[in-house]
Amino acid sequence: MKSDDRKTPLFETHVALGARMAPFGGFAMPIQYTGIFKEHEATRTGSTLFDTCHMGEFRLSGSSAVADLEALLTCPIGSMQHGQCRYGLLCNESGGVIDDLLIYRIGDHEFMLVVNAGTQENDFEWINTHCSESTTLENRSDTTAKIDIQGPGSPDIMNALIPEGIKDLRFYRFKDATYQGESVLVSRTGYTGEIGFELYAPLHLAAPFWQSAMQQGAVCAGLGARDTLRLEMGMPLYGHELDDKRNAAEAGFSRAISADKPFMGDSVIRDPARHREALVGLQLGGRQSARHGDTILASDGSPIGTVTSGSFAPSLGTAIALGYVTNEYAHIGTETLLQTSRKALTATIVKRPFYTAATAREAIENFCS
Amino acid sequence: MTPSDRRYAETHEWVKIEDGIAVVGISDYAQEALGDITFIELPETNHTVAQEEECGVVESVKAASDILAPLDGNIVEVNETLDDTPELVNEDAYGDGWIFKMADFSREQFEELMDAAEYESTHDDDA
């Protein structure tokens with residue numbers, strides 16, 4: 001561990017609980033506690049806690065806030081309701097992705113943006129440079145703790161810990177609530193595919209909340225399980241599926257990219273002549289994994305793309321991967337070979353998500369006892 | 001506890017001699033460091049290898065690591081149950097999680113491998 005890695009308010013908690021720590025996005029983060037498989041399984045069947053304090057939170061407000069965000073982000077902003085979250089991309093002029101983020105509409109003229117850890121400083125500078133004079137941008141990352149609680153058991157735990165209850169919280173909605181008498185924000189969002197919540201709270205509430213959720217039966221989980229869970233859902237990870245060089249349209253998250261409004265990078269993103277490759281899901285034949293950077297070959301052995309993420313998928317029992325292939329090969333059913341440093345593994349392009357039994361969008365009543 | 005009935009390579013393989021055959025696996029320290037093991041590529045049988053030759057791969061969720069032959073010898077048997085249940089190496093690295101067996105191996109090289117105490121001392125810092 002480098003000594004200059006930053007610590008989240010839960011660092012001591014992780015160390016005391018015996019987590020294996022590693023640097024991620026400039027922070028010392030827990031990779032696993034008891035093991036990636038157990039933590040993955042606990043998220044699909046029970047409930048788990050993830051320290052996501054490393055992520056960044058910006059507040060943006062002012063009479064031009066909507067117009068500024070419309071111009072900066074790929075998704076529609078004006079149509080968002082108060083209390084709604086939306087996934088969007090922050091792009092540069094050439095249509096590359098500076099970051100992927102969640103937007104929270106707090107009021108008519110006030111928003112919270114939740115960004116990745118490693119990209120936070122760059123995002124802030126970019127947004128600040130491109131906002132109107134009248135818009136106030138505030139970086140609250142250093143004073144905001146964020147904890148994700150995920151899995152079918154998480155609604156009961158949140159109901160026990162949050163006096164206002166969360167039974168009224170629909171998918172991709174948030175609300176103000178309290179914890180130990182102090183204001184917190186709770187959203188029904190996450191990065192696992194399971195029903196779950198993200199809690200935003202003052203730093204000093206992070207450890208007490210974590211301990212209380214554990215007492216209610218939540219299992220501690222690290223970034224290792226977070227990665228296998230999101231990969232099974234086909235969700236992108238910045239720096240793997242998304243980066244500032246690749247045209248955002250190639251990732252194919254069409255719901256996050258408005259088809260009509262003007263925004264930074266729109267002409268490149270909407271130009272079909274500039275989409276050379278497409279993101280695809282790859283189902284491997286066995287347990288052996290391909291990894292980020294491995295070459296994707298057509299069945300005749302010619303190179304057609306690159307693997308961006310790959311792992312054994314605990315809920316499926318086989319290896320899976322995400323990668324980009326040239327458009328002509330980007331069809332369900334295409335047989336490929338993934339050239340690892342050791343051998344070529346067979347893989348078929350399949351529909352995403354890989355894991356289809358996830359609960360995130362199910363009615364919350366089904367999970368409240 | 002690191003079992004004292006066998007010897008250890010710097011690259012974390014163990015070798016135990018049973019009825020004149022050298023049984024090879026990876027140490028508990030190595031399986032712990034790798035985390036959940038998802039795949040093991042076993043060597044081919046009836047195949048002569050040299051000491052430190054790559055003869056298999058252990059993959060975990062996060063990493064892939066070569067298995068090196070701890071001795072010159074002939075691989076005569078592999079633990080085929082690891083094809084479907086590689087987690088046996090996590091659960092029982094010194095027993096059911098053995099990886100392959102060697103015949104006609106070098107006794108001299110075996111004697112030069114580390115004993116349990118020496119092996120433990122190579123990773124004392126992390127204990």
Side-chain angles (χ1 to χ4, degrees), chain A residues 1 18-24 29-43 221-232 237 240 284-294 307 309-321 338-345, chain B residues 11-13 26-45 47 49 52-69 75 78-94 96-97 99-100 123-127:
Chain A
M1 202 77 55
R20 187 176 297 177
M21 307 295 288
F24 181 85
M29 298 300 291
I31 298 306
Q32 64 169 61
Y33 291 82
T34 48
I36 293 173
F37 282 11
K38 279 186 190 152
E39 294 162 27
H40 182 109
E41 180 65 11
T43 312
L223 295 183
R226 191 169 157 84
D227 195 43
T228 52
L229 289 157
R230 72 91 193 169
L231 184 59
E232 287 185 343
L237 173 62
H240 289 250
L284 285 86
R287 301 178 66 104
Q288 195 167 13
S289 300
R291 308 283 177 177
H292 180 96
D294 289 344
V307 173
S309 292
S311 173
F312 178 79
S315 302
L316 304 173
T318 59
I320 54 172
L338 310 184
Q339 183 63 57
T340 72
S341 56
R342 296 183 161 85
K343 56 156 74 166
L345 306 170
Chain B
T11 46
H12 307 291
E13 294 83 9
I26 65 166
S27 72
D28 197 54
Y29 173 80
Q31 71 76 19
E32 177 73 31
L34 283 162
D36 288 322
I37 292 170
T38 56
F39 174 78
I40 296 179
E41 185 171 280
L42 298 166
E44 291 174 339
T45 51
H47 168 60
V49 291
E52 293 184 11
E53 184 178 325
E54 181 195 319
C55 61
V57 179
V58 184
E59 281 190 13
S60 66
V61 177
K62 287 282 146 207
S65 176
D66 290 333
I67 306 167
L68 304 184
I75 293 172
V78 295
N79 187 354
E80 290 175 19
T81 58
L82 299 180
D83 283 340
D84 294 322
T85 51
E87 60 271 23
L88 280 178
V89 176
N90 290 122
E91 291 160 7
D92 192 10
Y94 294 125
D96 291 343
I99 297 173
F100 59 85
H123 50 262
D124 266 355
D125 296 349
D126 309 293

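In what follows, chains are A, B, ... by sequence order, proteins preceding strands, each numbered from 1. Worth knowing before you read on, the calculation uses all heavy atoms, side chains too, and leaves out hydrogens, waters and symmetry mates.
- Checked for salt-bridge contact, B/Glu41 and A/Arg342 miss the test: no charged N lies under 4.0 Å from a carboxylate O.
- The number of heavy-atom neighbours closer than 6.0 Å to CD of B/Glu44, taken from other residues, nucleotides and ligands shown, is 12 or below.
- Using a 4.5 Å heavy-atom threshold, the side chains of B/Lys62 and A/Ile36 count as touching.
- For the atom pair B/Phe39 CZ and A/Leu345 CG, the distance stands at 8.0 Å (nearest 0.5 Å).
- Heavy atoms closer than 4.5 Å to chain B are found in both the backbone and the side chain of A/Ser289.
- If you take NZ on A/Lys38 and CG on B/Asp36, they are separated by 8.0 Å, rounding to the nearest 0.5 Å.
- In this structure, CZ in A/Arg287 is found 10.5 Å from CD1 in B/Ile37, a value given to the nearest 0.5 Å.
- The contact between B/Asp83 and chain A is made entirely by backbone atoms, counting heavy-atom distances below 4.5 Å.
- For A/Arg20 (side chain) and B/Ala33 (main-chain N/O), a donor-acceptor pair under 3.5 Å exists by modelled atom type.
- Within the 3.5 Å criterion, the main-chain N or O of B/Gly35 finds no donor-acceptor partner in the side chain of A/Gln32.
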